[in-house]
Each structure stands twice: as C-alpha cells, then as structure tokens.
**Q** 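The structure is given below, and queries will be raised subsequently.
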Amino acid sequence: MRPLTVLGIETSCDETACAIVRGSAPGPGEILSNIVFSQLDAHRPYGGVVPEIAARAHVERLDGIVEEALAAASLTLSDVDAIAATAGPGLIGGVMVGLTTAKALALAAGKPLVAVNHLEAHALTARLTEGVEFPYLLLLISGGHCQLLAVEGVGKFKLYGTTIDDAVGEAFDKVAKLLRLPYPGGPRLEEAARQGNPKRYALPRPMRGRAGSDFSFSGLKTAVRLVVDEGGVSVADMAASFQSAVVDILTDRTESAIRRFKTDYPDATSPGLVLAGGVASNGAIRGALTALAAREGFQTKIPPPRLCTDNAAMVAWAGVEHGQLGFFDDIGVSPKARWPLAGAPLGGSLSAPANRSV
Ligand code: KG4
Ligand code: ZN
C-alpha cells in the first residue's frame, strides 16, 4: 500500500503534542517529528491533573507545537495526506481543543480528518515501532486504563478483562501520595522500590486466580493505607511490597488472558504480547511480563518509554492505519469523554467517502 504521511494531535490529558509519521500497515513507520509538551509543572502544585488548567494550556500551546512539528519534519501542511487527532476518551476540554484544531487544519489545507480513539492509538503503537502482526494480546496499563484486549485489526478488539475499580497507574499514584512521594507518583515509586524489601509487608493480590482477566486495585491501596496509618512505615519497603503485589496481579491476569487468546486464535504462531500505556515504562513490570511471555511462546513487544506515555506519534500512526483502509471522519465528528474500545461501534462517524482519496 502507498505510504501515508499523517499529522497527529494529542490533547486528551496533560500532554500537548503534535507529531508527523509516515508509513504503511503493518509498520514499522517512520517518525518524522514528535513534539511533546508536558504540562506537569502547571499541575504539580495540585498533586494531579486539573482539567481547566489543562484545557487552557492546550489552547495556549497547541498552535506553536503544530508549527514546531512541521518545521522539525521540514514539511508544510500541504505535504501531509491527512490530519489525525485524539477525539476521546479523555478530559473533554482538552479533547475539544485538539479535535477543533485538527478540523481547522483539515479544512484549511483540504485534507481528510481521522478522529482517533486514544486507547486505539496506544494499542497500535507496537505496529508503528515494530510492525507487529494481528492478532496480538494487548495489556494497556495507564493512569486511566487497565485492560487486556485481543487486537484483531484496526478497530477490531475483544475485551478480555478490565479493572472493576482503579486503573493500575492510578493505584501507583495514590500509593505514592500515601507515601508522600512527589507527583507524579508512578516513576518515583519505582525508584523508591529499588532500595526496598518486597517481602516486608504482606499485601493482598485481589482477583488473583479468579476466572477471566479482570483487575481490582482498590483493596490493595486500602491495605497500604492501613499500614501507613499505623505510622513508622518504611517508604522503600512499602514501595517494593506494593510493586511486587502489582507485578503478581498483572502476571496472573495476563496469564489467564494468554490461555483465552490461545483458544480464540489457535493458528497464531508466536503472537505478540504488547504492553502499552505509561505504566509499561515500569522495569519490574516489563521484566515479569517478558518472562511470562517467553514461557508461553509469546513475543513481548514494548514500545520505548517516550512512546508508551502519551504522545502524538501514536495518534498519527493510528491515522495512517485508518487512512490506508479509507476510514475517515466527517468534519462534524464530536469529541467524546468516554469511548470504550471494545463493545462499541468502531468510531464516531467512520466512513470511507468515495469523494475523498489520499
Ligand atoms: O499513558 P499515560 O502517560 O497517561 C494516561 O493515563 O493516559 O500514563 C500515566 C500513568 C501515571 O499513572 C504514572 O504514574 C504511570 O503511568 N507511570 C508509572 C511509571 N511511569 C509512569 N507507573 C509505574 N512505574 C513507572 N515507571
Ligand atoms: Zn494515554
């Protein structure tokens, strides 16, 4: 298929990002530019992302970041084949900023628009980086999501398991806060855990051994709080004990999903186990899941950390994959705060209009 060059925009949380990617399915693709502005400093005083502040910062920054991404790729808008933007799920103010900007660019340059599901963008990143073939098993672990999915194709997902309460990144962040580690907690907690004894505190492993692949983390967080409330907690030992519980839970739930995947796709030889989302940058988690995959005949595929956390290269790549299938969106497509990957129709207004070609 003819390679496509797509400009992608990501504004669904606290990163304002624009990237330009060229390629064709199944990948790998070429990242021509990838600009990410993290709003971390603006949110740090509040210990979490403040939606109003995020939306305002996206408005202030996005135009300049789009220009930067074009300049870094030595391209102009007329050189790209399509404009892609995250249309959900996420903080609605930010999503509106990114999607509206993408619509304006698409209209101004006469280019087709792709409204990208942020979760699908995370899910397809391993094709951008390594050209992983469908079907593969995806463990999506971020601040807002914790899911195991079979990825059959673009827009074709089977949900194997999801969290019944907190996302795993949220649990990392909340426990880090209990331990008074600075925001954002996940990476700090991993750092603290390196010096700690993972066996010091006996913590529960909710859902371990249960049928299916659902997750639960709120009981684990509560168990940490009870120990912390007693006083005298060792931050390093608690960080290590918590991380070790998370590793056990993720390993157990993924193992169960691997069994189901093997039944669902008996012909898939040496399929991929793909990790995505910010928590996939955690070394202990990467190590444990890589070992599990090797035991089960799966190949672990983990994008580099800067493509695991929120970025626009993954959005542009989702635009490449959609564009090659002729899946474009109407200029009237609406942003969505909620937009599950599986169990819902493929997109807001996906279509392959005959009058649009790339
Ligand atoms: O994918 P992401 O950048 O944003 C979304 O949630 O969409 O993920 C951010 C989450 C945060 O909860 C952060 O604490 C967590 O990923 N995280 C980590 C690590 N790096 C980021 N959690 C554990 N260990 C890490 N090294
Ligand atoms: Zn994300």
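What you see below is based on every heavy atom in this structure, not just the backbone, and it leaves out hydrogens, waters and symmetry mates. Order of listing sets the numbers, starting from 1, for every ligand and every atom in it.
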**Q** At a 4.0 Å threshold, what atoms of ligand 1 neighbour a non-hydrogen atom of Gly169?
**A** 12 (O)

**Q** For the side chain of Lys103 and the backbone of Ile331, is there at least one donor-acceptor N/O pair under 3.5 Å apart?
**A** yes

**Q** Which residue supplies the protein heavy atom nearest to atom 15 (C) of ligand 1, what is that atom called, and how far is it?
**A** Val279 CG2, 3.8 Å

**Q** Determine, using ring centers only, whether Phe242 and Phe172 are less than 6.0 Å apart.
**A** yes

**Q** Quick one: look at Asp173 and ligand 1, take heavy-atom pairs under 4.0 Å, and tell me if it's side chain, backbone, both or neither.
**A** side chain

**Q** List ligand 1 atoms under 4.0 Å from Thr309, heavy atoms only on the residue side.
**A** 3 (O)

**Q** For His118, which part has a heavy atom under 4.0 Å from ligand 1: side chain, backbone, both, or neither?
**A** side chain

**Q** If you measure every N or O of Glu190 against every N or O of ligand 1, does any of those distances drop under 3.5 Å?
**A** yes

**Q** Is Arg127 close enough and on-axis enough to Tyr136, meaning under 6.0 Å and within 45°, for cation-pi?
**A** no

**Q** May I ask you to establish whether Arg253 and Phe215 are in a cation-pi arrangement, using a distance under 6.0 Å from NZ or CZ to the six-membered ring centre and at most 45° from the ring axis?
**A** no

**Q** Let me confirm one number: the OG-CD distance from Ser281 to Glu190, rounded to the nearest 0.5 Å.
**A** 8.0 Å

**Q** List ligand 1 atoms under 4.0 Å from Phe172, heavy atoms only on the residue side.
**A** 22 (N), 23 (C)

**Q** Could you identify the single nearest non-hydrogen protein atom to atom 4 (O) of ligand 1 and state the distance to 0.1 Å?
**A** Asp310 OD2, 3.4 Å

**Q** Does Asn282 reach ligand 1 with a nitrogen or oxygen that is under 3.5 Å from one of the ligand's nitrogen or oxygen atoms?
**A** yes

**Q** Among Lys111, Arg22, Arg2, whose salt bridge (charged side-chain N to carboxylate O under 4.0 Å, His left out) with Asp81 holds?
**A** Arg2

**Q** Any chance you could measure Thr5, atom OG1, to Asp79, atom CG, to the nearest 0.5 Å?
**A** 8.0 Å

**Q** Taking only non-hydrogen atoms of Cys13, do any sit less than 4.0 angstrom from ligand 1?
**A** no

**Q** Side chain, backbone, both or neither: which part of Pro187 has a heavy atom under 4.0 Å from ligand 1?
**A** both

**Q** Do any nitrogen or oxygen atoms of Gly278 come within less than 3.5 Å of a nitrogen or oxygen of ligand 1?
**A** yes

**Q** Hey, is Asp165 close enough to Lys221 for a salt bridge, meaning N to O under 4.0 Å?
**A** no

**Q** Short N/O distance, under 3.5 Å, between Gly186 and ligand 1?
**A** yes

**Q** Could you tell me whether His145 approaches ligand 1 through its side chain, its backbone, both or neither, with non-hydrogen atoms closer than 4.0 Å?
**A** neither

**Q** Give the numbers and elements of all ligand 1 atoms closer than 4.0 Å to a heavy atom of His122.
**A** 1 (O)

**Q** Considering only non-hydrogen protein atoms, determine which one is nearest to atom 9 (C) of ligand 1 and report residue, atom name and distance to 0.1 Å.
**A** Gly143 N, 3.8 Å

**Q** Would Pro184 count as being in polar contact with ligand 1, using the rule that some N or O on each side must be under 3.5 angstrom apart?
**A** no

**Q** Check Asp252 with Arg205, please: is the shortest side-chain N to carboxylate O separation under 4.0 Å?
**A** no

**Q** Within the 4.0 Å heavy-atom shell around Gly277, which atoms of ligand 1 are there?
**A** 1 (O)

**Q** Taking the six-membered ring for Trp, are Phe261 and Tyr265 parallel (under 30°), tilted (30 to 60°) or perpendicular (over 60°)?
**A** tilted

**Q** Around the Zn ion (ligand 2), how many protein N, O or S atoms are there at under 2.8 Å?
**A** 3

**Q** Please check if the side chain of His118 supplies one atom and the backbone of Pro89 the other of a donor-acceptor pair under 3.5 Å.
**A** no

**Q** Before signing off on this row, confirm whether Gly185 and ligand 1 have an N or O atom pair separated by under 3.5 Å.
**A** no

**Q** Whether the side chain of Lys336 engages the backbone of Ala87 through a donor-acceptor N/O pair (distance < 3.5 Å, no angle test) should be reported.
**A** no

**Q** Looking at Met207, I want to see if its CE is surrounded by more than 12 non-hydrogen atoms of other residues, nucleotides or ligands under 6.0 Å.
**A** yes

**Q** Taking Lys174 first and then Glu170, would you say they form a salt bridge - that is, a charged N and a carboxylate O separated by under 4.0 Å?
**A** yes

**Q** Any idea which atoms of ligand 1 are less than 4.0 Å away from a heavy-atom of Gly144?
**A** 6 (O)

**Q** Give, for atom CD of Gln243 and atom CG of Leu189, the distance between the pair rounded to the nearest 0.5 Å.
**A** 6.5 Å

**Q** Could you check whether any side-chain N or O of Tyr201 sits under 3.5 Å from a backbone N or O of Ser234, counting only pairs where one atom can act as donor and the other as acceptor?
**A** yes

